[in-house]
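These notes concern the structure reproduced below.
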Protein chains: 2
Amino acid sequence: MGEDHDHAQERPAAGLFPAARHDHRACVAGLLDHADELCRDQGLRLTPNRRVVLECLLADHKPLSAYDIAERIDWQGRRGGPVQVYRALRFFEDLGLVHRIESLNAFVACTHPVDGDGARHGAQFLVCTDCGRVAEASDPALRRDIGRMARQAGFQVQDPVIEIKGLCPDCGGRR
Amino acid sequence: MGEDHDHAQERPAAGLFPAARHDHRACVAGLLDHADELCRDQGLRLTPNRRVVLECLLADHKPLSAYDIAERIDWQGRRGGPVQVYRALRFFEDLGLVHRIESLNAFVACTHPVDGDGARHGAQFLVCTDCGRVAEASDPALRRDIGRMARQAGFQVQDPVIEIKGLCPDCGGRR
DNA sequence: ATAGTTTTTGTTATAACATAACACAACGAA
DNA sequence: TTCGTTGTGTTATGTTATAACAAAAACTAT
Ligand SMILES: [Zn+2]
Ligand SMILES: [Zn+2]
Ligand SMILES: [Zn+2]
Ligand SMILES: [Zn+2]
């Protein structure tokens, strides 16, 4: 699992795409620690099943379908399948540690769960149609604008789904 | 098909939800005419199969899954199924007359194809989680904001998916 | 009209995504 | 220990979407 990119101490993501070569080992370790902590705080259990699903999503910062995940996991004797994966995904979604990308029927691990303080934090996703990576942004101005637009329409916002497909900087965005 | 709401001459939609009681007969007729015209202009054929799918979507301004549509249609002798529906939906999506709502796995007829000039026009959707209706908005400020956010991230936008779930004015948005 | 081309349709099969239901195991508190 | 809760294994099924290919219909050009 994972690619061979463990290097300097650039931040994993600054509202942008994960740097091509960041210290991914530390990146994963940090996010797993955060998950651990979050679970402990809330009296929830980060079981082996759950942990392995999260590790799988963290492996390369790319969105995976539940079936992708089920295939990649080494179930070590027990028979595992989509059911187990969906259960774990639901668990992490509720914690704000995993986000579903509707337009891909796929899931990504949250790259900055700091804001998340345990609840769903409405984020925006930049989805590269070329390399498949997804960046998680959290733009306050954009959020405000959506609020304004909804208010004008007399609409009470519950859950904004913002998924912008296009080309990431590496794949042609800079040009 | 359709509900019993044919009344005064309020606009069908002003970037908002269709008025509870608008002249729906005229509303449908107008949109079908527009589809006709658009097809003629582009040398495309609005076949009976396609027309019946569009009519089905227009019937009550609510999103329907392809399978919903396949069930509702009276196939008049010919046998019809999801395959036919998906084909028609693809046809209309390419014309900008139907939009897919990713977060619902469903489709809606475009309520203001005027802007559409035959191509995909990036719109924003307000999805009521209570009554299920969907409003199509086209907010320039919001679009600009998305452009700005993407530019800051070095990201080249191709196709923004904006689907805001919440409560429509009728279902509690005004309160 | 006729033959050739393209487009649309009918049909079957299958892929891909997601949840229901229920028995059993593991855990945590009394 | 016992009981109630939470997580897991397992099977089955529901829902959404596309592939593949033959037949029909519509256009085009002679
Ligand atoms: Zn990393
Ligand atoms: Zn890319
Ligand atoms: Zn109407
Ligand atoms: Zn409503």
Side-chain angles (χ1 to χ4, degrees), chain A residues 35-36 38-54 56-57 62-95 97-108 132 161 163, chain B residues 35-36 38-54 56-57 62-95 97-108 132 161 163:
Chain A
D36 251 329
L38 200 55
C39 288
R40 211 164 338 103
D41 287 357
Q42 310 216 3
L44 300 171
R45 287 155 53 197
L46 187 52
T47 64
N49 260 349
R50 288 169 176 167
R51 173 173 276 261
V52 74
V53 167
L54 186 55
C56 192
L57 275 180
K62 277 186 189 169
L64 295 174
S65 78
Y67 280 75
D68 289 339
I69 297 172
E71 276 179 7
R72 292 185 186 210
I73 286 179
D74 173 12
W75 293 98
Q76 315 251 42
R78 342 167 219 111
R79 314 168 44 88
V83 176
Q84 282 76 6
V85 174
Y86 278 111
R87 289 204 272 234
L89 290 171
R90 165 76 62 98
F91 176 82
F92 290 122
E93 275 193 278
D94 290 345
L95 279 172
L97 295 177
V98 163
H99 302 292
R100 175 178 167 82
I101 309 296
E102 298 287 352
S103 57
L104 297 176
N105 292 338
F107 302 83
V108 286
V161 175
E163 301 170 2
Chain B
D36 252 328
L38 200 56
C39 288
R40 210 161 341 102
D41 288 357
Q42 311 216 2
L44 300 171
R45 287 156 51 197
L46 188 52
T47 63
N49 260 348
R50 288 169 175 167
R51 172 174 276 260
V52 74
V53 166
L54 186 55
C56 192
L57 275 180
K62 277 186 189 168
L64 295 174
S65 78
Y67 281 76
D68 289 338
I69 297 171
E71 275 179 9
R72 292 186 185 211
I73 286 178
D74 173 12
W75 293 98
Q76 315 251 43
R78 345 170 216 106
R79 314 168 45 87
V83 176
Q84 281 76 6
V85 174
Y86 278 110
R87 289 203 272 234
L89 289 171
R90 165 77 60 100
F91 175 82
F92 290 122
E93 276 194 276
D94 291 344
L95 280 172
L97 294 178
V98 163
H99 302 292
R100 175 178 166 80
I101 309 296
E102 298 287 353
S103 56
L104 296 177
N105 292 336
F107 302 82
V108 286
V161 174
E163 300 170 3

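Note on naming: letters A, B, ... go to the chains in the order of the sequence lines (proteins, then strands), and numbering restarts at 1 for each one.
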N/O contacts under 3.5 Å, protein versus nucleotides 11-17 of chain C?
unit_1, atom_1, unit_2, atom_2, d
C/dT11, OP2, B/Arg79, NE, 3.3

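- Rounding to the nearest 0.5 Å places CZ of B/Arg50 at 12.0 Å from CG of B/Leu97.
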A correct 5'-to-3' footprint of nucleotides 24-29 of chain D, with B, S and - meaning base, sugar-phosphate only and no protein heavy atom under 4.0 Å, is --S---
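- Between B/Leu54 and B/Ala35, the closest heavy-atom pair is CD2-CB, 3.8 Å.
- Residues B/Leu104 and B/Glu163 have side chains not in contact (no heavy-atom distance under 4.5 Å, counting atoms from C-beta outward).
- Atom-to-atom, CD of B/Glu71 to C1' of D/dT15 comes out at 11 Å; the value is rounded to the nearest Å.
- Residue A/Leu57 holds its CG atom at 8.5 Å from CZ of A/Phe92, rounded to the nearest 0.5 Å.
- Atom CZ of A/Arg50 is separated from atom P of C/dA26 by 16 Å (rounded to the nearest Å).
- Residues satisfying the side chain to side chain donor-acceptor pair (under 3.5 Å) test with A/Arg51, not counting sequence neighbours, are A/Asp36.
- Within the model, atoms CG of A/Leu44 and CG of A/Leu38 stand 8.0 Å from one another, a figure rounded to the nearest 0.5 Å.
- Where the helix from C/dA1-D/dT30 to C/dA30-D/dT1 starts and where it ends, the local axes point in directions that differ by 30°; five pairs per end, rounded to 10°.
- The separation between A/Arg90 atom CZ and D/dT8 atom P is 15 Å, rounded to whole Å.
- For A/Ser103 against B/Glu102, the heavy-atom pair with the smallest separation is CA-OE1, 3.7 Å.
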Without placing hydrogens or testing angles, list every side-chain donor-acceptor pair under 3.5 Å for residues 80-88 of chain A, not counting sequence neighbours.
unit_1, atom_1, unit_2, atom_2, d
A/Gln84, OE1, A/Gly81, N, 3.1

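- Between the side chain of A/Arg100 and the main chain of A/Glu93, no donor-acceptor pair closer than 3.5 Å is present.
- The interatomic distance linking A/Asn49 (CG) with C/dC27 (P) rounds to 12 Å, in whole Å.
- Across all their heavy atoms, B/Arg72 and B/Cys56 have their closest contact at CB-SG, 3.8 Å.
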